Amino acid sequence: MVKAHIVNHTHWDREWYFTSADALVLSEQLFTEVIEELQKHPEANFVLDGQLSILDDYVALYPEKLADIQQLIADKQLFIGPWFTQTDAFFAHGESILRNAMIGIFDSKKYGDYMKIGYLPDTFGFNAQMPTLLAHVGFDNIIFWRGIHLGEQVQSTYFKWNGLGDAAQIYAINMPQGYGTGMLLEPTSAYVDGRLDPAIDFIAKYSQTKEVLIPSGNDQLNIIFNFADKLAEINKMGRHSYELSTYQDFMEYVKALPDLETFRGEFRSPVLARVHKTIGSSRMNIKLKSAELEQKLLNRIEPLLVIAKASGIHISERLLMHTWKKLLEGQAHDSLAGCVSDPVAEDILHRMKEADELCDSIENTIVKKIADDLSLTSNEILIFNTELSTFAGYKEIQVVTKNKQIHFPEYPDAMIIHEQYISARDNVLEETPAGNRFIEEPGYYVLQVKIKVELPGLGYRVISFEETELDLESMMQHTTAEISNAHYKITFQNGTIALETASGEKQTSFIRLEDSANAGDTYDYSPLAGDIARTFTFTKAIAERSSKLERLILTGKNRLPFDLDDRVQAGKQGDLAVKMVLELGVESELLTCELEVDNQIKSHRLRILVDTGVQTATNIASLPYGYIERKSGVPANWQETYSEMPIDIEPLEQSVTLTNEMKSCTIFTRGIKEYQQIEDKLALTLLATTGQLGKPDIAYRPGRASGDTTKKGHVLIATEGAQLIGKHKFSLAIYLGAEAFEATKTARRTKEFNQTTIAYQSQAFNHFLHRLDNKIQKTERRLGVARTMELLNLPKDYLISACYPSYYEADKYIIRIENPTSTPQKIESAHIGNGSFELINAVEEIILAKEIVIPAYDAVTLRILL
């Protein structure tokens, strides 16, 4: 006889094929009934899916219920948190996953205690660093479902899971049959003999334990009424022992088990459950915007808020958290994956638009207030450095001026890389103390200037320009379609892009675009029988060169089959237009590639293929605080083991590398989340468009449709919005070196690729280059800021993962230093804020330590006094 710990819960998709508004209407009655049932039955308990956002939505409707909720939590009847939303674990940045827990834990305190479990019941697989991330928010455990291969990765459903390094180890409880294993809990022989006991037998066979976990709940499912009475009846009928339990109680049982096996690695194997291995390219517009916002928050807004705090500008951390929430609502497993209906996709993108606007307005407020306090003239530029060490190199700044004849006396190494002239306007209203008058507003230039500067760490500097008789250097067009620097030479000839490196390596077809049919849905790409992949052809090339920068601009418009039917039958055609800009900076090791795709065809996959020239059987992809090595290829006879093809299309956080002992090639991306190794080539998916939420029996995923669409009573759901008709922009960079992969250098190149510039000019030509310039008023209170500020200047070999204001201490800020290598790294205390800091975890709990050492593949978090 096995003892079954039955936990009553609901899995609450905040949005899916229904919207968050639909879910709110469902929760309005259901959550009320949960509260009433728990109050009526003090012996009962209930788990509210482990995400706080759905409770916040409910309490906004029923603030009078707050006291009841607090009491139920105190009585350990209702369990909430720890997440703000049920995060995706592959396509969200590691820092986003941390923010999800940090904000969920911070906000949960208004309700009481939170569930100290890394509870992720429906996420589509897990990156290998989840133990490390969970340890950073104070958790030593996880409960999960998808991605595990029992019998191969681990033998038992209960085990210890290590991060890539040895410092982070957590207890893992797998729900091999999902969070709905014991759903409904009916005291009938059909339920007990047909569902409950077979599930217990299955888990016990693998776990070899005397006690097992049986989650009883499902999507948007209510509390089980009269739970104790039903359980008493089941105990009279079944072959096992059944009791009402909690996840916490069962976790304590698992922790006490002797000789638990240990696992290190990711869970992405589609054996007992689908993980949708090609979902990394579904609804790319959501993934691209999510990644853009992550970088904006991490590299611009958060460190800028620290500078603002040090300058006496008070912007609440609550506003920062509010901005993150808008993004995190779109990073739940269904939302960020993109397997949602069109109305939901519109909601996600609207919330991300709001987050983007919040970011811009926060930045605008800070930079203008500092500029106003400095009383900058129109010929002065305020340039910020959000990195935590001194910057020396090129920045791109915007300069608004009446002509192009300018120079920077202290920084003569400058050039115009883009210019726009705004024509003069007549009859423009000017408000003066003497009254209104109408004037002619002169024309002006908006210049993008690349300038070599030195900037203090985590601070800013004012630089100035003067009018002169000579034009700044600018880009000049050349007839020869090639660009080069000290590292690479790129040539376009006869429709192909060729590469030659400084070491003499040559690739005659270095970069190409490939288009094929997509017969899949919003969960998975699927090839179409009889389809032939087509290579996109560029028809025009322009080279632009200067002493500091060279560009190769390629354009083309190809006629391709319009839809799936046209792929095989050679029917209607549509246009696919692409502009590709390849750019080489004079000192840069990176070849950057910007693409603008105007998509006017349906149900297809567009990939960029890079011929690396590196012969290897494995690839290395980035993930939080480290890198994972994967082997390419698909097992033969996969249908005998897997619920979907374990296709070797894999996720990346920000880079993927092919390497051997002689050379390496790394591709860095912004929002491109999916790659495949094809011998010595890397294929990255740009678009995989489709018109269906879920389809049955597709090539890579036989059987039922995902997403409920072929369940009884459900219908197929069209997703015209997932065809992504219109323009889309993609950004990546390529590094090729005559050496093997090295983690630290790769991480630094990632930082270089994501480098950002914040600059501000007080000018009167256009008050709407920044939206709030016209509304942010100068105040009588002076900040007293200096013309140069430096808050922190760390050694260059410290890799910074994050810098943001403390959530809990108003006069402090947080930095996180990562170590993506296999060797622990010691941090010298003298380098950090004159020694005025505390070692903490990500939820700002103090950690006592005599010295600061970053373990392998890990990070440390420090709280510093301003």
Side-chain angles (χ1 to χ4, degrees), residues 50 82-83 86-90 92 94 97-98 100-101 115-179 203 206-209 211-213 215 247-248 250-273 275 333 621-630 650-651 653 818-820 822 841-842 855-859:
W83 304 98
Q86 284 278 304
T87 183
D88 181 276
F90 279 116
I97 295 174
L98 287 181
N100 204 316
M115 191 165 60
K116 295 178 176 64
I117 293 176
Y119 182 58
L120 291 165
D122 198 25
T123 299
F124 301 144
F126 297 88
N127 77 71
Q129 286 285 67
M130 284 305 296
T132 304
L133 295 172
L134 289 170
H136 274 269
V137 292
F139 297 157
D140 66 354
N141 61 77
I142 187 172
I143 297 178
F144 71 104
W145 172 22
R146 299 179 190 267
I148 195 168
H149 190 168
L150 287 173
E152 182 171 296
Q153 292 175 313
V154 289
Q155 299 302 311
S156 174
T157 52
Y158 314 131
F159 56 95
K160 294 178 182 178
W161 185 10
N162 280 20
L164 292 181
D166 295 325
Q169 183 182 78
I170 63 175
Y171 291 91
I173 293 175
N174 178 245
M175 302 178 289
Q177 295 177 321
Y179 53 83
I203 298 168
Y206 280 99
S207 69
Q208 295 294 301
T209 56
E211 301 181 25
V212 300
L213 176 67
Y247 287 136
Q248 294 91 327
F250 189 73
M251 186 62 71
E252 290 307 309
Y253 167 76
V254 169
K255 288 180 179 181
L257 290 172
D259 304 321
L260 287 176
E261 61 187 307
T262 301
F263 175 77
R264 177 181 279 110
E266 62 187 350
F267 288 116
R268 190 169 154 75
S269 188
V271 179
L272 296 173
V275 296
H333 60 291
S622 64
L623 69 168
Y625 314 139
Y627 299 87
I628 187 169
E629 188 170 7
R630 299 184 177 113
E650 305 289 2
E653 188 182 54
E818 66 176 294
N819 173 20
S822 59
N841 65 11
Y857 309 117
D858 212 322

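All values derive from a computational prediction rather than experimental measurement.
The distance from atom CD of Gln153 to atom CZ of Arg264, rounded to the nearest 0.5 Å, is 14.0 Å. Taking CH2 of Trp145 as the start and CZ of Phe124 as the end, the distance is 8.5 Å to the nearest 0.5 Å. The CE atom of Met115 sits 9.5 Å away from the CE atom of Met251 when rounded to the nearest 0.5 Å. The line from CG of Asp140 to OH of Tyr171 is 7.0 Å long, rounded to the nearest 0.5 Å. Annotation: the span from Thr132 atom OG1 to Glu818 atom CD amounts to 11.5 Å, rounded to 0.5 Å. The distance from the CD atom of Gln129 to the CD atom of Glu653 is 9.5 Å, given to the nearest 0.5 Å.
Side-chain contact between Gln86 and Asp122 is absent, with no heavy-atom pair separated by less than 4.5 Å. Put simply, the side chain of Ile173 does not reach to within 4.5 Å of the side chain of Ile117, judged on heavy atoms. Between Asp166 and Pro855 the shortest side-chain heavy-atom distance does not fall below 4.5 Å. Pro624 has its side chain within reach of Leu133: a pair of non-hydrogen atoms, C-beta onward, lies under 4.5 Å apart. Looking at heavy atoms from C-beta onward, Glu152 lies out of side-chain contact with Ser269 at the 4.5 angstrom threshold. Taking the side chain as every heavy atom from C-beta outward, Tyr253 and Leu213 never approach each other to under 4.5 Å. Side-chain contact between Leu623 and Leu164 is present, with at least one heavy-atom pair separated by less than 4.5 Å. Contact of the Tyr627 side chain with the Ser622 side chain is registered, since non-hydrogen atoms from C-beta on lie closer than 4.5 Å.
With Asn141 contributing its side chain and Leu134 its backbone, the two residues share no donor-acceptor pair below 3.5 Å. Under the 3.5 Å distance criterion, the side-chain polar atoms of Asn819 are left unmatched by any main-chain donor or acceptor of Asp858. The closest donor-acceptor contact from the side chain of Glu261 to the backbone of Gln155 lies under 3.5 Å.
Across all non-hydrogen atoms, the minimal contact from Pro215 to Tyr247 is CB-OH, 3.8 Å. Between Ile148 and Val271 the shortest heavy-atom distance is O-CB, 4.0 Å. Considering every non-hydrogen atom in both Tyr179 and Pro121, the closest pair reads CD2-O, 3.3 Å. In this structure, Thr87 and Ala92 approach most closely via the heavy-atom pair OG1-CB, 4.2 Å. Across all non-hydrogen atoms, the minimal contact from Ala89 to Thr123 is N-CG2, 3.7 Å. For the pair Pro131 and Gly163, the tightest heavy-atom approach, listed with the atom from each and the gap, is CB-N, 3.6 Å.
A search for side-chain hydrogen bond (donor to acceptor under 3.5 Å, both in side chains) contacts involving Glu252 returns nothing, not counting sequence neighbours. Residues forming a side-chain contact (heavy atoms from CB on, under 4.5 Å) with Gln169 (at least two apart in sequence, or on another chain): Lys160, Asn162, Thr262. In this structure, the side-chain contact (heavy atoms from CB on, under 4.5 Å) partners of Tyr206, at least two apart in sequence or on a different chain, are Leu150, Thr157, Phe202.
A perpendicular orientation is assigned to the rings of Tyr158 and Phe250, their planes being inclined by more than 60° (bins at 30° and 60°). Ring pair Phe159/Phe263 is perpendicular by interplanar angle, where above 60° counts as perpendicular and below 30° as parallel.
Phe267 pairs in a ring-ring contact (aromatic ring centres under 6.0 Å, His included) with only one of the listed residues (Phe90, Trp161, Phe126), which is Trp161.
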Side chain to side chain contact (heavy atoms under 4.5 Å, CB included) assessment of Val254 paired with Leu260: CA-CA 9 Å; Val254 169; Leu260 287 176; 4.2 Å; yes
